[in-house]
**Student:** 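I'd like to ask you about the structure that follows.
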Amino acid sequence: MNEAYEFHGGETHIEVHKFFPGAVAGVAIAALVLQAAFPVYLPGLDFLDLPLLATIYFGLSRRNPSTGLLLGMIIGLTQDALSGPTVPLGYYGIAKTVIGYLASSIGARLDTEHPAARFALIMGFFVAHQAILAVVHRLLLAQPERWLNVHLLIAAAVNAVLGTLLFAGLDRLRRSP
Amino acid sequence: MVSIPSRHRSLTLLAGVLMAQVLLLALQIKRDSRGRLIRVWAISAVTPFERGGSWGFVGIRGVWNHYFALQTTSKENQALRIENDTLKLTISQLQSKAAEADRLGKLLNFRASNEKLPMVNARVIGASAGTASRTIEIDRGERDGVRRNQAVITPDGAVGKVIESYRDSAQVLLLTDREGGAGAMLVESRIQGPVGGTGDPTLTMKYVAGDENVNVGEKIVTSGMDKIFPRDVPIGTVMEVKQGSPFKQIRLTPAAKLDRLEEVIVLLTQEPVEFKKDAEVQGAPSPAPAASAPSPAANPASTSSVPAQPAARVNP
């Protein structure tokens, strides 16, 4: 999963990044562990979604929709499993599968290295992720769930700021071509 | 077999993965199953990392809280100090009020047991300005019947005598003043001698012959021979006896707390006074006479409830 690709489509040249061995798994596990630790140690920060940020980052970097959606699925299902028996398996799995697919598809078509682009993409993906969760809640689980609200937009902005900073740090895990 | 164009492979995979998860969801809802096997695998895989993460979190938070995030600690410390000072002040005030209530209760009991005797309660409003004399000023004077050479006592024992009386106040010479004194006698042996002050917080008993037997801890009461104090008012307790020739040197601890007087009683007569314990006033059984059970010599409190003889009523 750590291979490098290069897309040559007309005049565009989009580099596919590869990472040090174990970097993807390590970051994903770290994100899940930290997310599970927030309610215990930092309850005020539970609106952050580190597994989602990891899914977006590797999706944008790898730029392979298949690996992006599979990584999103694994992260999402693990998050479901860690969230306790009240969260059915597939709840986060479906949402993160879609986000992984979208991130890697968009990453294959756009330059997503600029912080401003990353900020906008993270905000958009965060809102889309919440929208998918709401759909799953309402349609598949038949439970009431609020749609978009101001708190969600604030959380999206905060996650986008954090994600932009984190992505800059995660770029150091890339292997030079 | 139908071949899938390469550009649609990921889309097909997405549809398949989503479909599988939707089915998984439906299965959990339908069978009320929670996918225990998958959860066990996931939790087993992540738990070691969580344990390590928890250890790290606790460590980092401890370092942060104890070494870096101390801005509020300083403010809290300051606030707690202020609160502590306030509470100390409150406790001091409450203790003072409790002590005052205790003293007033003793006065009330004393008056109750001597209600037929003419006496006035007085509050100490001042004291001698220098160390050369030991006097106090009280808030009762001639208008209240206070005259020179009247005895001043507390429920604990003798205090001194009135040396000057004004319209609304009077000055009292304490027993501990160099000029102060009273006729006294030892409770057990009935040996008499004057007790006077030395300028320090203790008293001395003079003119007790060297061959007389005087024990530390023995009680000393007024003898009534000075025509100021009635007999058997507690004066103090022997704390030190030195052989001398021709007289012993006897030091005693005052029965009344002469260094912290706040309320006193001025006796307007020399009729005998009853010194009873509070319990006796309230009808409790009378304890054994103090004279038969020596009390610690250096404990003035032990003389506070003295009487040398039970309900020491003495004729003038």
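To find a chain, count down the sequence lines: A is the first, B the second, and so on, and within it residues start at 1. Quick caveat, the model's predicted, so the values are computed rather than measured. The analysis underlying the following values was restricted to heavy atoms, covering all of them including side chains, and did not include hydrogens, waters or symmetry mates.
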**Student:** Please assess A/Ile94 against B/Leu25 for the test side chain to side chain contact (heavy atoms under 4.5 Å, CB included), listing each intermediate value before the final yes or no.
**Tutor:** CA-CA 10 Å; A/Ile94 291 172; B/Leu25 266 177; 3.6 Å; yes

**Student:** Between atom CG of B/Leu13 and atom CG of A/Leu70, what is the distance when rounded to the nearest 0.5 Å?
**Tutor:**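 Result: 5.0 Å between the selected atoms.
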
**Student:** Please output the side-chain donor-acceptor pairs of residues 72-80 of chain A that fall under 3.5 Å, not counting sequence neighbours, one pair per line with the distance.
**Tutor:**
{"from": "A/Thr78", "atom 1": "OG1", "to": "A/Ile74", "atom 2": "O", "distance (Å)": "2.6"}
{"from": "A/Gln79", "atom 1": "OE1", "to": "A/Lys96", "atom 2": "NZ", "distance (Å)": "2.9"}
{"from": "A/Asp80", "atom 1": "OD1", "to": "A/Tyr92", "atom 2": "N", "distance (Å)": "2.7"}
{"from": "A/Asp80", "atom 1": "OD2", "to": "A/Gly90", "atom 2": "N", "distance (Å)": "2.7"}
{"from": "A/Asp80", "atom 1": "OD2", "to": "A/Tyr91", "atom 2": "N", "distance (Å)": "3.2"}
{"from": "A/Asp80", "atom 1": "OD2", "to": "A/Tyr92", "atom 2": "N", "distance (Å)": "3.3"}
{"from": "A/Asp80", "atom 1": "OD2", "to": "A/Gly93", "atom 2": "N", "distance (Å)": "3.1"}

**Student:** Check ring-ring contact (aromatic ring centres under 6.0 Å, His included) between A/His114 and all other residues, then give those that pass, not counting sequence neighbours.
**Tutor:**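 Expected list: none.
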
**Student:** Looking only at heavy atoms, what is the nearest atom pair of A/Thr97 and B/Gln21, with distance?
**Tutor:**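 Residues A/Thr97 and B/Gln21, closest heavy atoms: OG1-NE2, 2.8 Å.
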
**Student:** Take a 6.0 Å sphere around CZ of B/Phe49 and say whether it holds more than 12 heavy atoms from other residues, nucleotides or ligands.
**Tutor:**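 No, because the 6.0 Å sphere around CZ of B/Phe49 holds 12 heavy atoms or fewer from other groups.
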
**Student:** Could you give the distance from OH (A/Tyr101) to CG (B/Leu11), rounded to the nearest 0.5 Å?
**Tutor:**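 The distance works out to 4.0 Å.
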
**Student:** A quick test of your reading: do over 12 heavy atoms of other residues, nucleotides or ligands sit less than 6.0 Å from CD of B/Gln78?
**Tutor:**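 Count not over threshold, so no.
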
**Student:** Under 4.5 Å, counting heavy-atom pairs only, tell me which of A/Ser66, A/Gly100, A/Ser105 racks up the most with chain B.
**Tutor:**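 Highest number of heavy-atom pairs under 4.5 Å: A/Ser66.
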
**Student:** By a 4.5 Å heavy-atom criterion (distance strictly below it), what part of A/Ile29 contacts chain B: side chain, backbone, both, or neither?
**Tutor:**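 Side chain of A/Ile29 only, per the 4.5 Å heavy-atom cut-off to chain B.
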
